Amino acid sequence: MTHYYLLYFVVVGVFFVEAIAFYAAWRLNESEYGTRDWAIYAAIIATGTGIVNVGFMLNSHVDPFAKQLSESLWYLGTVANGTAFYFLWRGVRRFLGEPKIPGVTAFNTLLVCTVGVTAHGVFGLPNSWLAMLISIIIGAFCSLIFLTFQRSHHLHHSLRVIMLITFGYMALLWGARGIAIFLDPTRDHHGAVDSVVIYMSILVSILNACGLILLTNERLHQRLRTQATRDPLTGLLNRRAFLDISQSLIAHANRHQLNVGIALLDLDHFKRVNDEYGHLAGDHALKRFGELVRQCLREEDTICRYGGEEFVALLPDVTPVELRNIMERIRREVAQQADHELPTTVSIGSYLCAPDSLRLQEMIATADRALYSAKRAGRNQVATADLTDPSPA
Ligand SMILES: Nc1nc2c(ncn2[C@@H]2O[C@H](COP(=O)(O)OP(=O)(O)OP(=O)(O)O)[C@@H](O)[C@H]2O)c(=O)[nH]1
């Protein structure tokens, strides 16, 4: 029996380490991705299992008070462990960004607690029955989490496999434990089956913790990548990412002898927009403009917020007419929205560059001169520097 207590304390230790790891992951992340719920889950399981174990230890005492206390601790720890799975489930849903269903999750928690209370308290059922019911409920929870991960195809393949193995395994393990207790004529829930379940649970918990920590790590990397390459206001590429992407795009165009169009787009009198409508409305207009440009460009084109109210677009393999039409369309669409979400117009300087003469900084400088002409000519227009005239101003 002694090894049994030891096993339980190993479980307690594993879950405490897991709780600390998730707590640290949560503190590192202001937006939590479910890690706070996972930390609560692991902490409750560690505490619940510790309480259950103390209950077991007191059970061998002959003193009736110790026996009664043992029963109560056992019951308390078991219900705590059942409830912990609600937090695990909530963490998974948050991580996957799925809508919360408070009705269903509240019902699940209620179910775990109610089964525990009624089984033990009202009907005076023996602990073996409570162990059986809780095992089946935990098995069902794990099946639910297994199915949730199975449906989420956007996860990295190897991480998804870890989560599927973990929760599929847990579902089988706990389900099998419930059935084993049910089928055992002596209803011995401390027998060999239970030892196997605990051993396996320790292994699976470690795998589970690794999987969840890897998942959090993946999300953090994703966020860092986004922060490093995107403009936070418009979600478009930032200047640095644009310069990186453009270099390889231009090298590709040179190799395949393709023209590349470039356009600088600058919102007109944007200072006035801020002064008249406020900075927030100005921000909103920049966002709206970014969306509108994205919609007008082709899939293969690249657009970035170059700075302030200035944007730059790169259009590989485009003809002079196409470049002109796309830019005219953007100008027209902005002008049509002038009284609504975009209380301004846009001036555009574009330039179509032939292969072999492609140098990004020169292209930007030429488009910038074209933009200057558009501003000087009264704004709300597209000025084009063509192949033969790289210096229109
Ligand atoms: N709301 C908001 N305003 C910004 C942002 N970045 C730059 N601006 C504003 O954009 C304005 C740019 O003003 P200017 O460079 O004088 O140009 P303009 O008023 O657009 O005039 P023209 O370009 O000559 O038509 C400044 O008032 C900046 O404060 C931003 O992120 N949000």
Side-chain angles (χ1 to χ4, degrees), residues 30-31 223-246 261-297 301-315 323-352 360-386 389-393:
E30 324 82 69
S31 60
R223 201 174 68 178
L224 284 179
R225 257 199 311 274
T226 307
Q227 278 175 350
T229 56
R230 299 273 157 185
D231 164 51
L233 180 66
T234 59
L236 299 177
L237 288 179
N238 62 22
R239 190 183 187 130
R240 188 159 45 120
F242 173 79
L243 293 177
D244 286 349
I245 290 174
S246 303
I262 187 159
L264 280 182
L265 308 98
D266 189 285
L267 291 168
D268 295 327
H269 298 305
F270 200 67
K271 190 172 172 332
R272 275 193 222 157
V273 176
N274 277 334
D275 292 346
E276 269 179 48
Y277 302 95
H279 213 266
L280 272 182
D283 282 356
H284 184 72
L286 287 170
K287 236 165 113 171
R288 178 73 198 111
F289 177 70
E291 285 163 12
L292 192 147
V293 175
R294 191 59 273 170
Q295 282 159 13
C296 293
L297 292 177
D301 301 334
T302 307
I303 169 82
C304 99
R305 184 172 176 207
Y306 205 55
E309 72 329 349
E310 191 171 60
F311 297 73
V312 58
L314 208 67
L315 300 87
L323 180 61
R324 176 95 206 168
N325 286 347
I326 293 171
M327 293 307 139
E328 262 305 327
R329 186 172 159 218
I330 294 173
R331 187 203 61 76
R332 221 175 29 248
E333 297 252 342
V334 175
Q336 277 168 3
Q337 300 208 9
D339 292 332
H340 306 97
E341 292 183 77
L342 271 166
T344 183
T345 51
V346 65
S347 296
I348 302 175
S350 69
Y351 173 52
L352 185 74
L360 185 62
Q361 288 309 332
E362 287 164 25
M363 289 168 70
I364 293 176
T366 310
D368 198 31
R369 284 195 290 273
L371 172 65
Y372 183 66
S373 320
K375 290 272 181 187
R376 255 198 341 198
R379 294 178 172 79
N380 187 23
Q381 49 194 285
V382 180
T384 308
D386 63 31
D389 176 21
S391 313

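Order of listing sets the numbers, starting from 1, for every ligand and every atom in it. Nothing here was measured: the structure is a model prediction, and the numbers come from that model. Quick note: residue numbers are just sequence positions, from 1.
Those atoms of ligand 1 that come under 4.0 Å of a heavy atom in Gly282, given as number and element, are 1 (N). For ligand 1, the atoms sitting less than 4.0 Å from at least one non-hydrogen atom of Arg379 are 22 (P), 24 (O), 25 (O), numbered in the order shown with element in parentheses. Here is the list of ligand 1 atoms found below 4.0 Å of a heavy atom in Asp266: 23 (O).
Atom 17 (O) of ligand 1 has as its closest protein heavy atom Glu309 OE2, 3.4 Å. Ranking protein heavy atoms by distance to atom 20 (O) of ligand 1, first place goes to Phe270 N, 2.7 Å. In this structure, atom 22 (P) of ligand 1 lies nearest to the protein heavy atom Lys375 NZ, 3.4 Å. Among protein heavy atoms, atom 32 (N) of ligand 1 sits closest to Asp283 OD1, 2.7 Å. Counting only heavy atoms of the protein, atom 9 (C) of ligand 1 lies nearest to Asn274 ND2, 3.4 Å.
Across every non-hydrogen atom of Leu297 and Ile303, the tightest pair is CD1-CB, 3.7 Å.
If you check the side chains of Asp266 and Ser347, you find no donor sitting under 3.5 Å from an acceptor.
The residue Leu280 has no part lying near ligand 1, judged by heavy-atom distances below 4.0 Å. Residue Arg305 touches ligand 1 through its side chain alone, judged by heavy-atom distances below 4.0 Å. Within the 4.0 Å heavy-atom criterion, the part of Leu267 lying near ligand 1 is the backbone and not the side chain.
With sequence neighbours left out, Glu310 forms a side chain to side chain donor-acceptor pair (under 3.5 Å) with no residue at all. Residues that satisfy the side-chain contact (heavy atoms from CB on, under 4.5 Å) test with Asp231, not counting sequence neighbours, are Leu233, Thr234, Arg305.
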(Q) Could you go through Met363 and Leu314, starting from their C-alpha distance and side-chain angles, then the distance that decides it, and tell me whether this counts as side chain to side chain contact (heavy atoms under 4.5 Å, CB included)? (A) CA-CA 10 Å; Met363 289 168 70; Leu314 208 67; 4.2 Å; yes

**Q.** CA sep, side-chain torsions, deciding dist, call: Leu286, Leu267, side chain to side chain contact (heavy atoms under 4.5 Å, CB included)
**A.** CA-CA 9 Å; Leu286 287 170; Leu267 291 168; 3.7 Å; yes

Q. Stepwise, does the salt bridge (Lys or Arg N to Asp or Glu O under 4.0 Å) test hold for Arg294 with Glu291?
A. CA-CA 5 Å; Arg294 191 59 273 170; Glu291 285 163 12; over 6 Å; no

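Of the candidates Lys271, Glu310, His269, it is Lys271 that places a heavy atom closest to atom 13 (O) of ligand 1.
In terms of polar-atom proximity, Arg272 is not counted as a contact of ligand 1, lacking any N or O under 3.5 Å from an N or O of the ligand. Between Gly308 and ligand 1, no pair of N/O atoms sits closer than 3.5 Å.
In this structure, NE2 in His269 is found 12.5 Å from CG in Asp275, a value given to the nearest 0.5 Å.
By the 4.0 Å N-to-carboxylate-O rule, Glu333 lies close enough to Arg329 to be salt-bridged with it.
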